Participant: 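Mind having a look at this structure? Questions to follow.
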Amino acid sequence: MKHFVTDAVQATLAALHQQGVLKTSAPRAVGFSVDPPKNAAHGDFACNVAMVLAKVEGQPPRKLAEAIVAGLVDVHGAIDKVDIAGPGFLNFTLSARAVTGVVRTVLAAGETWGRSPSSGKRVLVEYVSANPTGPVHIGHARGTFVGDALARLLSAAGHDVVREFYVNDWGKQVETLGRTIHKRYRELFGQQVTLVDGEYPAEYVKDLARAWKDEDGACWLDQPEALWLERAIEVGVRENVTAIKRTLALAGAQHDTFFSESTLHKAGRVRAIVDTYRARGATYDADVARGTEDKVRRDESKAAQFEDRQKGGTFLLTADHGDDEDRIILRRDGTPVYLTADLTYHHDKFERGFDRIVDVFGADHAGHVPRLKAGMTLLGHDAKKLEFVLVQIVRLVRDGQEVKVSKRKGTVFELADLIDEVGADPCRFIFLMKTANAQIDFDLDIVQKKANDNPVYTFQYGHARCASILKKAAEQGQPFAGLDALTPAVLDALMLPEERAMLKKMSLLPEVVANAADTLEPHRVLYFCQELIAEFHSYFTKYKRTERVITDDRDKTQARLALVAAVKATLKSAFAILGVDAPDHMTAPEEDA
RNA sequence: GCACCCGUAGCUCAGCUGGAUAGAGCAUCUGGCUUCGAACCAGAGGGUCGGGAGUUCGAAUCUCUCCGGGUGCGCCA
C-alpha cells in the first residue's frame with residue numbers, strides 16, 4: 001500500500017529530472033521517507049522528499065513540493081489527493097479502493113502475511129549455548145527467548161536460518177564436572193567423599209553419577225583419573241545436553257545443530273588455526289601483550305587478581321583491528337585458551353558460507369565482540385557479517401532483594417522451574433517486550449502475581465475475539481464466504497476511519513518484520529501487534545451499538561468479516577513470528593474479590 | 001583509569017535509524033455490559049525526554065562534554 005506512494009514519488013522525481021526541473025542527477029539516491037503520519041488529519045502517508053531535496057536543489061522545500069504535486073505521476077492510480085503542509089511535507093491521501101484492497105492482499109497471504117519471499121540468504125543464529133555442566137538456568141532465559149524470536153524473525157524475513165547451540169564440552173569446567181561426577185559415583189558405592197571448592201555441589205550431579213553407574217557398573221571405581229575422566233565427561237555432558245534440550249523444548253525453542261567444541265580440539269583444528277595465524281604473520285611470542293606492560297588496571301579487576309597466572313605465550317594481533325589489546329591464543333605450555341577454540345568455531349561458521357552470522361551473547365561476554373571480529377578479520381573474513389546481540393543482565397529480585405544465583409553454591413534457579421511457575425508465553429513476553437540491550441529486573445514476586453494479568457493475555461484475547469466473531473457469524477447463518485466473494489464493490493462498505501486505519505496498519509506488517517529482522521529487534525513486531533489490537537478493541541467497542549460487524553446487510557457483513565479475518569490472520573502470523581500461541585478461545589480469569 | 005550498554009509519565013518500557021501536538025501498559029480517579037467475548041473500551045491527571053553545548057528548515061533520535069546506574073577489561077569457559 002505504501003508502495004503506491006513510494007512508486008509515485010520516484011516516478012515523479014524521474015519525470016521532473018527529465019524535464020529539467022530537478023538538477024539532482026539521481027533523485028532516487030536521496031533517502032526520502034514515506035511514513036504514516038501520527039496525525040490522521042495529515043492523510044495516509046507523509047513524504048519528506050521536498051525537504052530532503054531542498055539543500056541539493058538549492059530551492060525552498062515548499063517550492064519543490066509544489067513542483068512535485070504539479071507534476072505528480074500516479075503510477076498505480078491510487079492517490080486521491082496530495083497536500084503540502086508544514087515546512088514542506090507531502091501528505092498523500094489514497095483512494096478508498098487502494099485502502100480496502102489490503103483486505104484481499106492480507107487474506108490471500110493468510111497466516112503467512114508479513115513474511116517475505118525467500119531472500120536466498122543464509123543466516124546462522126547461535127543462542128543459549130549454556131555450559132553443559134548443568135541445567136539451563138534463569139540467566140539463560142532472556143537469551144533463549146530473544147534468540148528464538150530472532151531466529152523466527154529472520155526466517156519470516158525470508159532468510160534460510162540455522163539455529164545453533166555451541167557446546168563447551170572441553171576445558172577446565174567440564175573436567176571439574178567429570179571429577180565431581182566421579183565423586184558422586186564413588187558415593188553410590190558407599191565411599192566417603194568431600195567436594196573441594198569449585199566442584200559442583202548441586203543435586204543433579206548425583207543423577208549424572210547414577211546414570212553413569214547404570215551404564216558402566218563399578219568398573220571405574222578404583223581406577224586413576226586419567227582413565228575415567230574422559231568417560232565421566234562424556235556421560236555428564238551427554239546427560240546435561242539432554243536435559244538442556246528438554247528445557248528448551250518447554251521454552252518453545254529449538255536448535256537445528258549442536259556444535260561440539262571438543263570435536264574442534266580432537267580434529268586438530270584449533271592447532272591448525274594457530275598455524276594459520278602464524279603463517280599470516282598475525283602472532284608473536286611474548287610474556288605480556290604489546291603495550292600492556294604498564295597498563296593501569298583497577299586493583300579489584302580480575303586481570304590484576306589473576307596476574308600471577310599469566311605467564312605469556314603466543315599472542316594474536318587483535319589490537320590492530322579494534323581490540324583493546326592483543327589476546328593470547330597459546331599458553332606458555334602450548335595449550336590453547338577458550339578464545340582460540342572460539343576463533344576456530346567462528347572460522348568454521350564463515351567457512352559454512354553464511355551471509356549473516358548472529359551471536360546472541362550475555363552482556364558479560366561483551367568483551368568477546370572485538371576479539372572475535374578482529375580474529376575473523378585476521379583470517380581474511382568480512383567481520384561485518386558477524387553480528388552480536390548482547391542480551392543485558394537480568395537482575396533476579398525476590399522480596400525486594402537481589403537473588404544471587406551461583407552454580408558454585410548449588411543455588412541454581414532453573415529455567416524449567418520458571419516456565420513451570422509462570423508459563424512459557426508470559427515468560428517469553430516479559431523478555432520480548434524490551435530491547436535486548438537494556439538491563440532489566442526480574443521480580444519473582446511480581447511475576448507470579450502478574451502471571452494472571454500479563455500483557456500476553458491482552459494480545460491473545462484480541463485474536464480470540466476475532467475468532468469468536470467469525471464463529472458467531474457462522475452460527476447466525478452468515479459465515480465468512482472467503483476471498484472469492486470479496487469484490488471491490490463489496491469492500492467499499494469499509495468506510496469508517498477506524499477500518500481504514502486498521503487496513504493501513506496491517507499493510508505495514510511485512511515492512512515491520514523486514515525492519516525488525518534487519519535490526520535484530522523482535523520487540524518491534526510485538527509493539528506492532530499491540531497497536532493493531534488496541535485499534536481493533538477500540539473499533540469494536542465504539543461501534544458495538546451502531547455499526548456492528550454482523551448485520552442484515554449481507555455485503556457489509558461480508559466486508560467486515562473480511563476485515564476481522566484479516567486482523568486475525570495478521571495477529572496469528574505476527575504471533576508465530578514471536579513464538580507466541582494464538583488461541584481461538586480463552587477462559588476469563590477468576591474475579592478477585 | 002579504559003571500553004561498551006542504559007537514563008523518556010509515580011512504576012515498567014516504546015518512539016519506525018532526523019520529522020508535524022513525545023506514546024503504550026501498569027498504578028490512581030471518573031464513566032461504560034438486555035444484543036457480535038468487559039482478559040475490553042471511553043475520559044482525566046501525570047513530562048526541564050538526566051544536565052549543558054553544538055550540528056540544521058527541524059533533535060528524545062546525530063556529535064561533544066559533564067552527572068547518575070550497570071557490565072566488562074582472565075593465560076576461566
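In the text below, chain A, chain B and the rest are named by the order of the sequence lines, each starting its count at 1. Remember, it's a predicted structure, so these values are computed and weren't measured experimentally.
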Participant: Under a 3.5 Å cut-off for both distances, is B:rU71 Watson-Crick or wobble paired, and to whom?
Facilitator: B:rA3

Participant: Looking at the side chain of A:Lys434, which of B:rA77, B:rC13, B:rG37 is the nearest nucleotide?
Facilitator: B:rC13

Participant: Considering only side-chain heavy atoms of A:Thr541, which listed nucleotide, B:rA20, B:rU21, B:rC41, is closest?
Facilitator: B:rC41

Participant: Say whether A:Gln173 and A:Asn131, considering side chains only, have a donor N or O and an acceptor N or O under 3.5 Å apart.
Facilitator: yes

Participant: Give A:Lys172 one of three labels, base, sugar-phosphate or nothing, depending on what nucleic acid heavy atoms sit under 4.0 Å from its own.
Facilitator: sugar-phosphate

Participant: If you take atom types as modelled and just measure distance, does the side chain of A:His537 reach the base of B:rA42 with a donor-acceptor pair under 3.5 Å?
Facilitator: no

Participant: Between B:rU17, B:rG37, B:rG25, which nucleotide has the shortest distance from any of its atoms to the side chain of A:Gln530?
Facilitator: B:rG25

Participant: Classify A:Lys38 by what it touches in the nucleic acid, base, sugar-phosphate, or nothing, heavy-atom distance under 4.0 Å.
Facilitator: sugar-phosphate

Participant: Under 3.5 Å, is there a donor-acceptor pair linking the side chains of A:Glu498 and A:Tyr543?
Facilitator: yes

Participant: Tell me, please, which residues at least two apart from A:Arg62 pass side-chain contact (heavy atoms from CB on, under 4.5 Å).
Facilitator: A:Ile84

Participant: Which is true for A:Ala516 with a 4.0 Å heavy-atom rule: it touches a base, it touches only sugar-phosphate, or it touches nothing?
Facilitator: nothing

Participant: Rounded to the nearest Å, what distance is computed from the CG atom of residue A:Asp324 to the P atom of nucleotide B:rG74?
Facilitator: 9 Å

Participant: If I pick the C1' atom on B:rC4 and the same atom on B:rA14, what distance separates them, to the nearest angstrom?
Facilitator: 23 Å

Participant: Would you tell me whether A:Thr551 and A:Thr557 have side-chain atoms, one donor and one acceptor, within less than 3.5 Å of each other?
Facilitator: yes

Participant: If you check the A:Met51 side chain, which of B:rC57, B:rC16, B:rC73 turns out closest?
Facilitator: B:rC57

Participant: Closest to the A:Arg465 side chain: B:rA38, B:rC36, B:rC41?
Facilitator: B:rA38

Participant: Taking B:rU48 as the reference, what is the distance to B:rU8 when you measure between their C1' atoms (whole Å, please)?
Facilitator: 12 Å

Participant: Between B:rA27 and B:rG18, how far apart are the two P atoms, rounded to whole Å?
Facilitator: 35 Å

Participant: To the side chain of A:Arg548, which of B:rA77, B:rU35, B:rC5 is closest?
Facilitator: B:rU35

Participant: Heavy atoms only, 4.0 Å cut-off, all strands: where does A:Ser33 land among base, sugar-phosphate and nothing?
Facilitator: nothing

Participant: Between B:rA20 and A:Asn48, counting only base atoms on the nucleotide and side-chain atoms on the residue, is there a donor-acceptor pair under 3.5 Å?
Facilitator: no

Participant: Quick one: which of B:rA14, B:rA38, B:rA24 gets closest to the side chain of A:His523?
Facilitator: B:rA14

Participant: Classify the nucleic acid contact of A:Ala363 as base, sugar-phosphate or nothing, counting any heavy atom under 4.0 Å across all strands shown.
Facilitator: sugar-phosphate

Participant: Taking any heavy-atom pair under 4.0 Å as a contact, classify A:Pro87: base, sugar-phosphate, or nothing.
Facilitator: base

Participant: Any donor-acceptor pair, under 3.5 Å, between the side chain of A:Asp364 and the base of B:rU71, if you only look at N and O atoms?
Facilitator: no

Participant: Would you call the rings of A:Phe259 and A:Tyr166 parallel, tilted or perpendicular, taking 30° and 60° as the class edges?
Facilitator: tilted

Participant: Measure from the side chain of A:Met586, starting at C-beta and using heavy atoms only, and say which of B:rC57, B:rA38, B:rG37 lies closest.
Facilitator: B:rG37

Participant: According to the salt bridge (Lys or Arg N to Asp or Glu O under 4.0 Å) rule, which pairs have a member within residues 328-343 of chain A, sequence neighbours left out?
Facilitator: A:Asp287-A:Arg332

Participant: Kindly label the base of B:rU30 as syn or anti, based on whether its glycosidic torsion lies within 90° of 0.
Facilitator: anti

Participant: By nearest atom, which of the nucleotides B:rG37, B:rU17, B:rA20 is closest to the A:Lys472 side chain?
Facilitator: B:rG37

Participant: Between B:rG43 and B:rG25, how many Å separate the two P atoms, rounded to a whole number?
Facilitator: 11 Å

Participant: Looking across every strand, which nucleic acid part, if any, lies under 4.0 Å from A:Tyr527 by heavy atom: base, sugar-phosphate, or nothing?
Facilitator: sugar-phosphate

Participant: The side chain of A:Lys544 is closest to which nucleotide in this list: B:rA77, B:rC73, B:rA38?
Facilitator: B:rA38

